[in-house]
2 protein chains.
Amino acid sequence: MSETDATINLVAVVITIRDRTPHVLTVPGPDGRPALPSGPLQSGHRTLQSGLRAWVERQTRQKLGYVEQLYTFGDRHVRLENTAPDMAHRTISIAYLALVSGSDEVNSAESSWRSWYEFFPWEDHRGGRPKSCDRLFEALLDWTTDGSAAGDPNAKERARLTFGVGGAEWDEEMTLERYEMLYEAEKVVEASLDRDLAPWRAQEDLPGLPMHADHRRVLATAISRLRAKIKYRPLLFELMPPSFTLFQLQQTAEAISGIALHKQNFRRLVAQQRLVEETGEALSLTGGRPAKLVRFRKEVMLERPAPGVRVRATRRGGLT
Amino acid sequence: MSETDATINLVAVVITIRDRTPHVLTVPGPDGRPALPSGPLQSGHRTLQSGLRAWVERQTRQKLGYVEQLYTFGDRHVRLENTAPDMAHRTISIAYLALVSGSDEVNSAESSWRSWYEFFPWEDHRGGRPKSCDRLFEALLDWTTDGSAAGDPNAKERARLTFGVGGAEWDEEMTLERYEMLYEAEKVVEASLDRDLAPWRAQEDLPGLPMHADHRRVLATAISRLRAKIKYRPLLFELMPPSFTLFQLQQTAEAISGIALHKQNFRRLVAQQRLVEETGEALSLTGGRPAKLVRFRKEVMLERPAPGVRVRATRRGGLT
DNA sequence: ATCTCAATGCTCAGATCGAGCAAAAGGAGG
DNA sequence: CCTCCTTTTGCTCGATCTGAGCATTGAGAT
């Protein structure tokens with residue numbers, strides 16, 4: 001029972017928008033599963049953030065723009081049971097969220113951008129609630145009666161609330177809670193892996209690609225944070241090119257939130273918050289009336305304490 | 001430039017309510033300034049949280065209830081400039097926020113509860129904007145013209161926004177931003193200490209007690225988080241006894257937020273959110289009509305996705 | 001019985017929000 | 001040049017929420 005030093009592992013969730021879909025930067029993990037860029041803190045790193053930037057650039061050649069700290073994970077999930085506790089070497093992972101807009105460039109063999117909905121198909125409700133979401137919820141209900149949660153009388157209620165079933169509304173911000181509940185119920189591949197130490201069985205018909213170690217949990221943390229934060233901070237603009245149309249902005253908001261938005265209300269929102277200003281140019285790509293190009297009004301940061309896009313899902317699937 | 005291990009320091013911001021004022025648990029720091037309970041992660045600690053709980057209990061005999069992670073601080077602020085960078089030993093501090101309700105018990109010579117407004121007098125706006133707030137803002141304005149921020153044309157605007165002066169509204173959640181701006185402007189004692197390595201000069205007529213190392217920044221982080229989070233999570237009840245009156249709940253909300261609330265609207269809020277239920281008893285202490293006792297309705301956690309007390313300041317000082 | 005004080009109940013106007021109708025402005029096809 | 005199609009943009013309406021203040025209730029004190 002003595003003081004021990006630990007290795008600091010810096011982990012990056014780097015997000016960009018491609019094809020109206022959020023993508024996360026991944027590298028090949030040691031076991032074949034995709035991993036997040038990461039590396040240990042080194043003595044040459046001036047700060048935690050600069051260490052993170054160095055690792056991401058080295059592993060993916062991607063330069064980072066906006067960066068914020070997400071969460072620090074202990075090594076609770078690393079199983080070293082046959083090691084004497086005093087001998088166990090500790091690793092602490094500090095996870096960061098980064099946003100980049102000009103991602104279209106490189107995509108080496110080493111690293112690749114992947115839609116975050118590959119890992120969380122049940123989180124994409126833009127075209128209505130996906131089937132995988134209902135299937136997962138059903139599996140979860142079985143677990144609340146037969147599984148390890150059979151003793152908990154509230155388990156069923158909690159599942160309904162987190163998945164927005166039966167009266168409860170879908171809350172897009174609860175990505176992390178949903179993942180953790182699925183993990184507990186062993187409805188994600190990583191859970192059985194961590195328990196059994198068994199080799200990765202890709203089948204299981206469980207939806208969503210697994211990731212290396214606890215990286216899918218880290219990604220879920222990032223999604224939750226991002227979905228919550230765009231509502232009161234102008235983070236969306238970190239993902240946009242210098243000038244864009246309001247509809248492109250809306251599509252970015254929808255991509256991140258995973259829900260469909262009401263077009264007219266969306267523009268009313270950004271208009272009355274004065275988040276953008278017109279560039280004077282217009283863009284006619286879509287075969288309809290040309291859209292005015294706008295850019296982010298940086299001055300809002302000096303005017304409103306909490307500028308953001310307070311998205312709310314449309315009742316109907318956002319068809320109009 | 002090689003991988004280096006680091007010492008993990010666990011820091012606790014433990015909050016309770018006493019005398020309608022938030023108090024933070026402190027221990028004497030090495031330099032006489034109050035410090036937050038803290039200690040290094042040890043090999044016997046199963047998780048980060050359990051390590052934290054162990055240290056707080058050992059140093060203050062206070063058992064912790066609700067605990068959540070706040071932020072992880074690098075050692076950027078530790079000055080080791082005459083040390084070769086490769087030799088510098090790193091310390092990473094992981095800060096936690098903890099809430100306790102039954103604090104009235106122990107208060108050894110070692111540790112003591114202190115009002116958090118001793119450290120942040122300018123943050124208490126319950127009785128109107130305090131003079132120290134205006135004084136600080138004036139000092140900040142000087143800095144934006146004469147000081148190191150003279151080059152930044154937005155510095156004045158940012159100061160106005162963060163301190164709620166001139167059109168801008170006071171945003172009680174911006175405690176951390178305010179502290180960081182004051183630190184940058186060297187309007188808090190710690191800033192000059194960190195720069196000059198000079199002994200602590202208690203005078204300076206700068207408002208607010210300094211704390212050990214960067215602990216006042218950590219406390220500011222906790223206040224910001226808490227003030228934001230009570231609006232969408234039922235954290236207030238972690239600070240309340242099992243049964244209480246609505247007015248006591250309001251006073252707790254006011255103590256945390258540092259703003260006065262409109263009484264009737266406050267009860268409408270908690271009523272229509274169904275956050276509490278009546279116990280059947282009543283309490284007549286105040287010389288007026290006896291107040292009904294209520295308790296937290298734990299079931300709300302299973303009904304609403306984000307139950308909380310969305311406080312907003314009254315225009316007038318909350319006199320009625 | 002009356003007074004005082006705090007708890008509780010209620011109303012009202014303004015702001016915000018979800019939803020949908022309708023006009024405007026280009027391109028494509030005749 | 002006119003018409004149709006498509007998407008942008010403007011606007012309205014009702015429901016809900018919010019800030020603020022007035023009024024009533026219920027207990028102890030005078």
Side-chain angles (χ1 to χ4, degrees), chain A residues 20 169-170 172 231-232 243-251 253-254 257 259-294 304 306-320, chain B residues 20 169-170 172 231-232 243-251 253-254 257 259-294 304 306-320:
Chain A
R20 295 177 226 86
E169 260 186 46
W170 174 259
E172 83 280 357
K231 290 174 185 167
Y232 58 94
S243 76
F244 47 88
T245 71
L246 284 179
F247 190 50
Q248 287 168 343
L249 183 65
Q250 174 178 349
Q251 286 178 320
E254 291 178 326
S257 307
I259 53 181
L261 305 177
H262 186 279
K263 192 186 244 179
Q264 295 92 322
N265 291 347
F266 180 83
R267 27 175 68 237
R268 173 172 67 187
L269 200 68
V270 319
Q272 74 189 15
Q273 293 224 42
R274 308 220 304 142
L275 285 169
V276 299
E277 61 194 357
E278 298 181 6
T279 66
E281 295 162 296
L283 189 68
S284 59
L285 279 180
T286 45
R289 174 173 172 174
K292 288 178 186 156
L293 281 172
V294 298
R304 328 184 111 258
V309 180
R310 295 190 294 279
V311 298
R312 285 289 299 274
T314 25
R315 305 272 186 248
R316 342 187 306 104
L319 308 178
T320 179
Chain B
R20 296 177 226 85
E169 260 187 46
W170 173 260
E172 83 279 359
K231 292 175 184 166
Y232 58 94
S243 77
F244 48 88
T245 71
L246 284 179
F247 190 52
Q248 288 167 342
L249 184 65
Q250 176 179 348
Q251 286 177 319
E254 291 178 327
S257 307
I259 53 180
L261 304 177
H262 186 281
K263 193 186 245 181
Q264 296 92 320
N265 292 346
F266 180 84
R267 25 177 69 240
R268 174 173 64 186
L269 200 68
V270 319
Q272 72 191 13
Q273 293 224 44
R274 308 219 307 141
L275 284 169
V276 300
E277 62 193 356
E278 298 181 5
T279 68
E281 294 162 297
L283 188 67
S284 58
L285 280 181
T286 45
R289 172 173 173 176
K292 288 177 187 158
L293 281 172
V294 298
R304 324 184 114 261
V309 179
R310 295 190 295 278
V311 298
R312 287 288 298 272
T314 25
R315 306 274 185 243
R316 341 185 308 101
L319 306 177
T320 179

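All chains are named by letter (A, B, ...) in the order of the sequence lines, taking the proteins before the strands, and each is independently numbered beginning at 1.
- In terms of the side-chain hydrogen bond (donor to acceptor under 3.5 Å, both in side chains) criterion, residue partners of Glu172(B) (sequence neighbours excluded) are, by chain and number, Lys231(B).
- To the nearest angstrom, P of dG19(D) lies 9 Å from CG of Leu269(B).
- A distance of 13.0 Å separates CZ in Phe244(A) from CD in Gln250(A), rounded to the nearest 0.5 Å.
- Under the rule for a side-chain hydrogen bond (donor to acceptor under 3.5 Å, both in side chains), Gln251(A) has no partner lying at least two apart in sequence or in another chain.
- Rounded to an integer number of Å, the gap from CD of Glu169(A) to C1' of dG18(C) is 12 Å.
- For Gln248(A), there are no side-chain hydrogen bond (donor to acceptor under 3.5 Å, both in side chains) partners, not counting sequence neighbours.
- Summarising the geometry, the separation between CG on Leu283(B) and C1' on dT8(C) is reported as 16 Å, rounded to the nearest angstrom.
- Applying the 4.0 Å criterion to OP1 and OP2 of dG18(C), one finds that Arg312(A) has a side-chain N or O inside that range.
- Regarding Arg310(A), its CZ atom lies at a distance of 9 Å from the P atom of dT16(C), rounded to whole Å.
- Here Glu278(A) pairs with nothing under the side-chain hydrogen bond (donor to acceptor under 3.5 Å, both in side chains) rule; sequence neighbours left out.
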Q: Encode nucleotides 7-14 of chain D as B, S and - characters from 5' to 3', where the letter depends on protein heavy atoms closer than 4.0 Å: B to the base, S only to sugar-phosphate, - to neither.
A: BBBBBB--
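- Atom NE2 in His262(A) sits about 6 Å away from atom C1' in dG20(C), given to the nearest Å.
- Taking atom CD of Gln273(A) as the reference point, atom C1' of dT16(C) lies 12 Å away to the nearest angstrom.
- Applying the side chain to side chain contact (heavy atoms under 4.5 Å, CB included) test to Ala282(B) and every residue at least two apart in sequence or in another chain returns Pro290(B).
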